There are 2 protein chains.
Amino acid sequence: MDLIKIYECFCDQTRLRLLNVLSQGPLCVCHFQTVLAEPQVKISKHLAYLRARGLVECERQGNWVIYELPAKPSRELVANLACLRDCAQEDPVFKRDFARLKKIEPACAWVRAGEPENAPGQCRC
Amino acid sequence: MDLIKIYECFCDQTRLRLLNVLSQGPLCVCHFQTVLAEPQVKISKHLAYLRARGLVECERQGNWVIYELPAKPSRELVANLACLRDCAQEDPVFKRDFARLKKIEPACAWVRAGEPENAPGQCRC
DNA sequence: AAACCATATGCTTATTACGGAATATCAATC
DNA sequence: GATTGATATTCCGTAATAAGCATATGGTTT
């Protein structure tokens with residue numbers, strides 16, 4: 001029963017926030033730190049947790065590691081992410097994350113565009 | 001963030017099975033034992049877990065305790081139960097539970113009908 | 001190669017979760 | 001009131017989780 005893995009990932013607030021933000025597109029770890037305003041260890045560990053259960057995938061690009069939702073997500077994952085997205089609509093925490101995400105959008109445009117050659121020498125967020 | 005409580009309840013297989021079966025209507029504990037084919041302690045504890053988080057409600061009727069989904073479920077709960085129902089459609093474990101539920105339907109008709117006066121003197125399942 | 005940056009991994013502690021065996025509660029019946 | 005039936009709780013051991021600190025890794029730059 002693969003559903004369990006999904007719900008194990010969903011039952012922590014930090015992970016829900018990560019997944020919610022990821023629904024807007026790929027990001028690298030430093031961006032998560034800024035958007036969630038949580039320490040690096042915390043972000044990194046929860047991403048590892050998600051990765052171990054197949055809820056996210058990642059790819060290294062130089063110093064940066066880009067995380068994104070699976071390219072071929074299961075039916076269950078799609079359904080539950082949609083449900084989450086729906087439920088999170090009004091939640092202040094999720095809304096705040098989205099607001100901060102919008103703010104740093106310029107700084108992470110190269111990720112979304114898939115242009116590692118445009119990555120800054122140093123993190124800008 | 002109330003979503004977390006929901007997902008905490010969802011991340012155990014026994015609880016998912018309980019909720020799935022409950023989606024068909026109220027039942028009492030002995031019925032769950034038969035349908036899930038799990039020991040009494042296990043069923044009772046997981047029902048208590050669900051109750052503590054508001055995912056189920058219960059009412060005593062003589063020797064029996066009837067469990068059901070909340071009369072006024074939150075928007076999030078409704079959405080997630082629907083999603084679960086959708087995802088569980090083809091799962092063999094859930095399907096087996098439904099099959100066993102159908103088998104004992106006569107034995108628990110009085111629960112669904114809300115007729116405690118028709119409860120048998122002794123458990124029939 | 002040394003310094004630096006972004007990210008990951010041990011290690012520790014506290015908390016919570018799960019299961020089973022035994023026992024307790026609560027209600028009905030004899 | 002003693003017994004029986006249905007359900008809940010306690011106690012135990014084990015395992016998983018979450019968080020922080022310190023440190024390690026992998027890659028880039030000088």
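As the structure is a computational prediction, the values presented were derived from the model and not from experiment. Lettering follows sequence order; numbering is per chain, from 1.
Taking the C1' atoms of five terminal pairs at each end of the helix from C:dA1-D:dT30 to C:dC30-D:dG1, the two resulting helix axes are inclined by 0°, rounded to 10°.
Look at CD on A:E59: it is 13 Å from P on D:dG27, rounded to the nearest Å. With rounding to whole Å, B:L50 atom CG is found 16 Å from D:dT7 atom C1'. The distance between atom CD of B:Q40 and atom C1' of C:dC26, rounded to the nearest whole Å, is 13 Å.
Using a 4.0 Å heavy-atom cutoff across all strands shown, A:V41 reaches at least one base atom of the nucleic acid.
Here D:dA19 is the nucleotide among D:dA19, D:dC11, C:dA8 with the atom lying nearest to any side-chain atom of A:K42. Nearest to the side-chain atoms of A:C28 among the listed nucleotides D:dT9, D:dT7, C:dT7 stands C:dT7. When distances run from any side-chain atom of A:T14 to the nucleotides D:dA19, C:dT7, D:dA8, the shortest one goes to D:dA19.
Not a single salt bridge (charged side-chain N to carboxylate O under 4.0 Å, His left out) links A:R15 to another residue, sequence neighbours left out.
Neither OP1 nor OP2 of D:dA6 sits under 4.0 Å from any side-chain N or O of B:H31. OP1 or OP2 of D:dA8 sits under 4.0 Å from a side-chain N or O of B:Y67. Proximity of B:R53 to the phosphate of C:dA17: a side-chain N or O atom is located under 4.0 Å from OP1 or OP2. In this structure, A:R15 reaches the D:dA18 phosphate: one of its side-chain N or O atoms is under 4.0 Å from OP1 or OP2.
On a pure distance criterion of 3.5 Å, no polar donor-acceptor pair joins the side chain of A:Q122 and the base of C:dA6.
At distances below 3.5 Å, not a single donor-acceptor pair connects side-chain atoms of B:N20 with backbone N or O atoms of B:L16. With B:E57 contributing its side chain and B:A71 its backbone, the two residues share a donor-acceptor pair below 3.5 Å.
Within 6.0 Å of the CZ atom in B:R112, the count of heavy atoms belonging to other residues, nucleotides or ligands exceeds 12.
Residue order along DNA chain C, read from the 5' end via each residue's closest nucleotide, puts A:W64 first among B:D12 and A:W64.
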